Amino acid sequence: MPQGVLASYKQFLPINEDTPIFTLGEGQTPLIKSRNIVKTIGCEELYFKFEGCNPTGSFKDRGMVVAVAKAVEKGIEAIACASTGNTSASAAAYGAYLGLKTTIIVPQGNVATGKLAQAIAYGAHIAMIKGNFDSALNIARELADKHPIELVNSLNPNRIEGQKTAAFEIVDEIGKAPELLYIPVGNAGNISAYWKGFKEYFELGFSTNFPELHGYQAEGASPLVTGKVFENPETVATAIRIGNPASWDNAITARDESGGLIDSVTDEEIISTYQLLAASEGVFCEPASASSLAGLIKEKKNGTDFQNKIIVCVVTGNGLKDPENAIKISPASYGEYQNDYQSVEKVLIN
Ligand code: F0G
């Protein structure tokens with residue numbers, strides 16, 4: 001298969017002969033088979049679709065490559081987005097590769113360090129606002145309305161087009177759609193994109209079934225669960241700290257058409273799952289990404305029987321994005337030792 005989302009999935013994307021084809025290596029991420037957590041869940045097979053392996057460390061790259069290609073095709077020289085961190089890192093990377101001016105608007109104090117480091121390194125113009133993601137998105141939309149700038153948030157349909165390819169990869173690898181797919185939900189673009197992907201693959205005859213989609217928000221930022229906008233969303237999972245998702249209606253459609261649900265998990269559940277996933281499966285993700293598996297574990301605790309089910313949890317972003325949380329949560333897992341063999345050997349028996 002050719003490399004990258006544009007070349008690999010040309011026939012499924014809004015691409016014509018004027019669309020530039022390029023890649024930073026996005027897509028074809030691993031579908032990791034669970035060895036340990038699968039036993040607790042009691043299902044037939046459990047997989048983690050590890051989107052942290054994309055070039056900027058999150059699923060955003062799949063959609064960004066399409067959004068940026070379409071902007072360049074139109075002759076646009078500047079892109080902008082609001083972000084909790086990952087969209088901005090991705091926009092900045094593809095903007096740099098294509099020589100575009102990239103402006104990002106992010107909530108001050110609520111973007112994980114690694115994501116900010118990426119935006120700085122890629123040379124984006126960074127506006128930190130004293131407000132949350134929802135305000136940043138309003139500003140970004142106005143900027144794009146008033147200037148010749150392409151908005152590359154997931155409101156841009158080309159983002160959704162690119163992100164749907166993850167659903168194709170899952171079906172191709174398993175040989176069918178899983179029975180259940182768990183996914184973190186923030187601005188709600190990704191759950192909408194997966195549903196579009198599963199539906200298209202079915203309609204084109206590449207699969208014969210659909211998964212139920214189970215979307216999980218953080219309790220302190222769960223408007224799709226309560227049905228009400230959160231004016232002051234709050235969660236340790238800063239990537240999904242969003243009170244008024246832009247793709248609200250599409251997420252509800254994905255939930256209802258798939259026969260699934262959108263529920264929430266607490267910060268405690270997110271953090272304990274985040275640790276479990278790294279320590280028992282070798283998959284180090286950022287906190288928001290653990291909400292999918294946290295949701296599955298919650299359902300298991302509530303008594304759901306998963307026998308004979310094939311389940312996929314989407315793990316959206318890399319743990320290296322948020323080193324502060326990793327260290328803050330397990331501060332005692334390393335010690336200091338004298339500079340000699342005997343004292344270090346004691347590590348083995350501690
Ligand atoms: N997981 C991670 C790691 C994210 O960065 C995001 C969204 C989500 C899940 C939720 O996806 O918004 O499509 O429902 N991050 C956006 C950003 C908001 O700005 O990087 P969604």
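Start at 1 and go down the list; that is how both ligands and their atoms are numbered. Just so it is clear, the model here is predicted, and its values are computed rather than measured.
- For ligand 1, the 4.0 Å heavy-atom shell contains residues F59, K60, S83, T84, G85, N86, T87, P184, V185, G186, N187, A188, G189, N190, A239, I240, I242, E286, S289, T316.
- N187 CG to I191 CD1: the interatomic distance, rounded to the nearest 0.5 Å, is 12.5 Å.
- Side-chain heavy atoms closer than 4.5 Å link hydrophobic residues (I, L, V, M, F, W, Y) into clusters, and following such links, possibly through other members, connects V312 to F202.
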Exercise for the section: Give the intermediate values and the outcome of salt bridge (charged side-chain N to carboxylate O under 4.0 Å, His left out) for residues K70 and E161. Expected result: CA-CA 11 Å; K70 295 303 281 181; E161 290 298 313; over 6 Å; no
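- Using modelled atom types and a 3.5 Å distance limit, the side chains of Q118 and N86 yield no donor-acceptor pair.
- The ring pair (Phe, Tyr, Trp, His ring centres under 6.0 Å) check on Y182 picks up H214, with sequence neighbours excluded.
- A donor-acceptor contact closer than 3.5 angstrom is absent between the side chains of Q3 and T23.
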